[in-house]
Amino acid sequence: MRSAPSFWTVVRYLFLILLAVFAVLPILWTVSLAFKPAADIFAWPPKILFEPTLANFSSLLFEKNALKPLFNSLLVASITTLTCTALAIPFAYRFALVQNKFNTELGIFLLSLRMFPPVVILIPYFLLFRSLGLIDSVLGLVIVNIVANIGLAIWLVSNFFQDIPIEIREAATLEGANDIQILSRIYVPLALPGVLTAMTFVFLYTWNEFIFALTLTRVEAYTFPVLLASFITGRGVLWGEAGAASLLAALPLVLLVVLIQRHFVRGLTMGAIK
Amino acid sequence: MISNPFRGRIRPGGKQRRRRGPLLYVVTFLTIAIAAIVVYPMVYALYTSALDWRIPMPAVFVGFENYLNAFRDRLLLNSAWITVRFVGYSLVAELLIGFFAAYALFKCPFAVQRVFQLILFLPVVLPPVVVGLVWRLLYSADNGLLNYFLGARHSWLGDPSLVFFSVVLVEVWHWTPLVTLVFLAGLNALPADLFDAASVDGAHEIGILRHIVIPLMEKVIWVVIAIRSIELIKVFDEIYVLTGGGPGRMTEVVSLYNYKLGFVFFEFGYAAAVSWILLIVTLVLVRRILMRMLRSR
Amino acid sequence: MKIRAMWCVLLFFLASAFLSAQGQSDNSLHVSALDWLPVHAMREITSEFEAETGITVTYDILPYGNLRQKQVTEFVAGTGAYDVIHYDLPWIIEYTSYLEPWEGHIDPTELNLDGIVDPILNANQADGVFYGFPVNTDALMLYYRADLFSDPAEKEAFQSAYGYELAPPETWDQFYDVAEFFTRDTNGDGEIDLWGTTLQGGVVDPIWCEWITVFWSWGGEIFNEDGSVSINSEAGVESLEFYTSLMRDGLAPPDSPRYGFDETTAAMQQGRVAMSINWIFAAPLYNDPAVSQVEGNVGYTTVPREVTHASYLGGFGMGVARDSNKKEQAFQYLAWLLHPDQQRKLAELGSVIPRETLLTDPALNAQYPFYEFALPVVQSARPAPRMLDYARVAEIVAVAASDALTGQASPSEALDRAAQELESVSR
């Protein structure tokens, strides 16, 4: 026996549906752009129904050679994510174990790396990379992205590590385990949500990163956002191709999120709250 | 689950030798490497900020002059004020909408929550450049969807009285889902018996919210404020694509102004000084927030 | 297991580092160029050059917003990454530090420079030294809906309302009248859907080019002979007041303060405006049936005058980078591009080449009817102020014009502020 939904329940659902529609509508519009023929894009009133075409995709893949930047983005994002995570774990471990003023300050410093506006770091890195021969290279981009994201990764993971009771470590040490073993077999599995969260964030930020890629690459290592920006041409924005490219750009991220969704959401706050 | 990872030597009780292990060396080495790669550009930027270096003219050492000029720079103050307003409005909107959305979701069955989680992720995942481009088209007075739905012909990005709202709206659209998800996870992690009272009616609920739920969520809230503040102060990609700072200088946030200084006017010295000022301000601000957050543990 | 994972990562890392370090050096000429039809045309015919000489040429294409940024960044770092630089003419003064002068590298007689329109030729040199080769040209013209203007009913209505014959406006007063006349609701739904004119109000370049043209036609100058600022002179205030009135009185689409080249072109293509000040380059776009609804109905003339006719001279040049290590090949390539044979091919492909012979050529005129106006417009067009801090000047003026256009400041306020800011710009 179910009573009719209360007034507030109705309000609640209405509110949520409105939000969902608001969130999704621009995305659906983007998707529609990808399949719209050029003339329809500028029509008024806006055309909701139209004859779909794959012209934008083919133009994207063949004329604009979108596969290369797509692959570069994938490469840079993956390497950055894995390396960042691998680096973050030892640091986070140290922070979790030794809580002193220095570590707190160091943590804040690393987190502050994200705060530095990319504009000015650009030139110093450019000069540095030039003398190292790293311009227009995947390695160069990876280094820059690691620096930009390592702070966040460490912070997220260490939040989780801090939640693991210290007794576990003491017990393991009593049995003579060394730190690397403790880390790999105990801490990381226990803090998996945090680790996956960190990885997702790093991947997301690196995948969407634009300014560094634009300045530090040329024709070999340029990434997808750079390609997207190139759609603002002297003749106007290539909305059709931009829509198609946006779809391609969002796809890996959506997949990633779907896959680890369960862990991810827990991961965002498990460390933050007790 | 905890297998004995040990390779054979068992030390029973007694005086335990602190095994320093390889980890400390790894961390130390990594610290030095990262420090080198991180500190170098910051130091270089600091050095640059003491120069009057306007491409293509040669650099001249001027010490603090750039910093002194910054305080008298009307354009910098203008962009700072714009940034403050932008961050303020966006943050408040994201927190309010995010929290209420999370709370509304929280009361729904889990299946519904999962569906929404998936939907809400979509805006977050789009590259900022794309977000800017798409909303630019949506806002168009000529053929934009928004005007179509409202039956109006407003120039969302060209009308000075509307443009700020438009830009904040895009930012809120882009990131509130993330805030919602974080709050939702926080709510879900609260002890279940808080909401057991079957007789929870409207007024009672507000009381619970105000006096119990929110204080418990304090740390999460500070985390969100910290993360979002950092990103909002730095915001660039979306605004660059949406308005480029216009009309006039109405949406020229600090990072846009900094970018113009560095890469349109190529005044590297002054741009570096502005960056350092921005960094210090952000550092101080975030420190305060982080301290608050740590204290509320 | 985790350790092995970490080793894999490290290996991956090193492998990609190794791989990316390859392919850094090669023997082709690198061209940094704008993503634009004339550039694509050049790319297309370049294969012949490669076949003839064995020198490969690779183009690094960028959108306008990033082009100068990228080029200057490379110069600053001294990477020698680009051998050939495609640049917008206003940048020439700044680029004298980055480009290699022609002297000593190439014999002027080899260059086939005769016939190239003077303003363009001048725009590519500084202090009498040539730094760049003219590639294509562009200028602002006034486009109008010829079908509307020649319609007898319209002509009659206009005559009775304004007292003179409807024709493409010669003066700004006439321009205002025509714009006012054509701003109307054409399908009776209570909403205006046809506007008199477009306004390229976008900051920085669109409004900079358009309003400066209006300003110049009022006889205004940004700087006086002695270097003092005169942007807020009477001519300045009046011209800005006029420009603003077009927007304020609703004679232009509401989104005009955001309009750049593409929006402006689209407005005419979709039949939403009766007139439009736009670049020569837009002409073929109006007649492309795939994107334009007004093909065949667009006429062109010079931009109206107040005191004098003026037009902003656009166009690009190409030069050789000073830090290139393949200068001779680069000059060879550019000389090849300037050869009349290649220039003709480029013109046929759609590039507007600033050569008198080509602009008056009958075959090309048949293919591109707007050539008829292009030559005189380009010959009388003015280039942007030739100065080192061009970017600053453009930004300051554009912001002032935009502020006035959107009603955030009165024209005299905006211009006074601009004058103040311009004081500190180096000349």
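Being a predicted model, the structure only gives us computed values, none of them experimental. Naming: A, B, ... by sequence-line order, numbering from 1 per chain.
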inquiry  = Taking side chain as everything from C-beta outward and backbone as N, CA, C, O, which of these in A:Tyr205 sits under 4.5 Å from a heavy atom of chain B? Side chain, backbone, both or neither.
reply    =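 The side chain, not the backbone.
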query = What part of A:Leu16 gets closer than 4.5 Å to chain B, counting heavy atoms only: side chain, backbone, both or neither?
reply =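 Both parts, backbone and side chain.
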task = Among B:Asn258, B:Leu256, B:Val254, B:Val253, find the residue that satisfies the side-chain contact (heavy atoms from CB on, under 4.5 Å) test when tested with B:Phe236.
result =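 With B:Phe236 as partner, B:Asn258, B:Leu256, B:Val254, B:Val253 yield a single side-chain contact (heavy atoms from CB on, under 4.5 Å), made by B:Leu256.
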message = Tell me whether the rings of B:Tyr257 and B:Tyr270 are parallel (<30°), tilted (30 to 60°) or perpendicular (>60°).
response =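 If you compare the ring of B:Tyr257 with that of B:Tyr270, the planes turn out perpendicular.
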request  = State whether the number of non-hydrogen atoms from other residues, nucleotides or ligands found under 6.0 Å of A:Phe22 atom CZ is greater than 12.
outcome  =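 Counting neighbours around CZ of A:Phe22, more than 12 heavy atoms of other residues, nucleotides or ligands fall under 6.0 Å, so yes.
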inquiry  = Just checking B:Phe100: does its CZ atom have more than 12 heavy atoms from other residues, nucleotides or ligands closer to it than 6.0 angstrom?
reply    =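 Incorrect, the count does not exceed 12.
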Which bit of [X] is near chain A, if near means a heavy-atom gap under 4.5 Å: side chain, backbone, both or neither?
| X | value |
| --- | --- |
| B:Ile233 | neither |
| B:Pro177 | neither |
| B:Leu105 | both |
| B:Val112 | side chain |
| B:Phe149 | side chain |

task = Compare all side-chain heavy atoms of B:Trp135 with those of A:Pro26 and state whether any distance is below 4.5 angstrom.
result =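 Yes, side chains in contact.
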